[in-house]
Amino acid sequence: MQHWLKDLQRKPKLLLVDDQRINILTLHELFREECDIFMAMNGEQALETCRKSLPDLILLDVHMEGIDGHEVCRRLKKDPETHDIPVIFVTAQGAEEDEVLGLELGAVDFIVKPINPTIVRARVNTHLTLKYQSDLLRSLALLDGLTGVANRRKFDEELGRTWRQSLREKTELSIIMIDIDYFKRYNDHYGHLRGDTCLQSVAGALEAAVNRPYDLLARYGGEEFVCLLPNTHLKGAVVVAERMQACVRALQLEHADSGIGQVVTVSMGVATMTANSTDGAQVLLEAADRQLYKAKQAGRACIRSGI
Ligand SMILES: [Mg+2]
């Protein structure tokens, strides 16, 4: 199962932000059974916790020293990583302007202090359910229907995200492009149904070779797959590629017309970069594609790596 689907089976993460300890404790008491609770007592802490822990819902006090609740919300909505986290504002009674501004800033709801446990519970549960459903729908929309691995859209999204991460943390990012050798001949010889089964088997073998939960295998299109390896140097990526080769070979799928040992094989191109500009992810992808081309020129069923 894809790790981002597994991730949906966990407890929801709830972030409580308030500069009064007693308010946090009251809310903590209400939700500690069913949620993983995170707490922050000022705006800076709240923003940091959001980036690190990506909560499913935030209960955000409006009035705090320094960065207030409205500003926290404004910043969260600007950042693509935290943009989708729903925010419920906690406002003082009769502060209608706070509520109007909060909703304008993109909050999903507001709660009035002093807190009424029944109301808070109902509202939090409603928004956690909505969040879960939208996460689930999003995850399903990012799966490749045939092979069950990530689809192209998910890959593009993750490439953008890990590229930004590489730029921020100055870490290396690797990509493996994978192509099934002579797949058209396979389809011509065995028919498209067997072709589909072959794609499923190869996807399964490739996935078995990817160990870390934050590595991503995706179907790039047709008989092409791609693997994204954050925080991985070229040598490390080549090791993964070799493991993939071994797993596909171990399938021993008959391919009478392949001309390469009459079994299904794959060609691979590996490339690594440290992000140096905001819009360079495409360059890394092209580098991996060039290496894949070299692998094909070299007779297929092999790996080529470099920039
Ligand atoms: Mg306050």
Side-chain angles (χ1 to χ4, degrees), residues 4 7-139 161 164-165 167-169:
W4 78 89
D7 196 45
L8 289 169
Q9 294 167 346
R10 59 169 168 74
K11 273 186 181 184
K13 292 186 270 186
L14 178 64
L15 171 61
L16 308 174
V17 186
D18 202 300
D19 58 355
Q20 305 290 315
R21 190 175 296 272
I22 179 72
N23 292 337
I24 290 192
L25 290 177
T26 310
L27 291 166
H28 181 269
E29 202 47 37
L30 273 178
F31 296 106
R32 69 190 167 92
E33 295 281 327
E34 62 258 51
C35 297
D36 267 340
I37 311 263
F38 298 81
M39 292 169 269
M41 290 193 65
N42 57 54
E44 285 90 348
Q45 261 182 26
L47 288 167
E48 203 193 320
T49 310
C50 280
R51 275 190 293 266
K52 258 200 232 146
S53 311
L54 294 178
D56 295 298
L57 181 65
I58 309 171
L59 291 186
L60 183 55
D61 182 23
V62 172
H63 295 286
M64 295 183 291
E65 288 286 314
I67 304 175
D68 69 3
H70 288 141
E71 183 55 26
V72 170
C73 186
R74 215 174 266 125
R75 293 193 195 179
L76 290 175
K77 295 295 164 194
K78 251 195 240 161
D79 185 341
E81 314 252 330
T82 55
H83 178 269
D84 293 329
I85 305 173
V87 172
I88 297 180
F89 274 117
V90 185
T91 63
Q93 204 142 34
E96 203 172 302
E97 288 151 33
D98 284 348
E99 285 164 17
V100 171
L101 180 55
L103 293 171
E104 278 171 3
L105 288 173
V108 291
D109 211 340
F110 56 87
I111 301 166
V112 176
K113 282 195 255 194
I115 284 154
N116 174 319
T118 314
I119 292 174
V120 178
R121 201 183 271 282
R123 294 211 165 140
V124 165
N125 285 337
T126 299
H127 289 291
L128 283 176
T129 304
L130 287 172
K131 173 69 165 40
Y132 173 80
Q133 287 169 344
S134 80
D135 284 354
L136 181 64
L137 278 178
R138 243 177 73 73
S139 299
R161 203 182 61 75
R164 288 193 296 275
Q165 183 190 5
L167 190 64
R168 230 175 21 243
E169 297 170 7

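Both counts, for ligands and for their atoms, begin at 1 and track the order of listing. As the structure is a prediction and not an experimental result, all values here were calculated from the model. In what follows, residues are counted from 1 in the order of the sequence shown.
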Any N/O/S atom, backbone or side chain, of Asp18 lying under 2.8 Å from the Mg ion (ligand 1)? no

Okay, side chain of Lys131, backbone of Pro86: is any donor-acceptor separation there less than 3.5 Å? no

Got Val124 and Phe31 here, is their nearest side-chain heavy-atom distance under 4.5 Å? yes

Checking side-chain contact (heavy atoms from CB on, under 4.5 Å) between Ile58 and each of Val87, Ile88, Thr82, Val90, which is the one that passes? Val87

Can you check the angle at the Mg ion (ligand 1) formed by OD1 of Asp19 and O of His63? Round it to the nearest 10°. 100°

Do you know which N/O/S atom name in Asp61 is closest to the Mg ion (ligand 1)? OD2

Under-4.0 Å salt bridge between Arg164 and Asp79: no

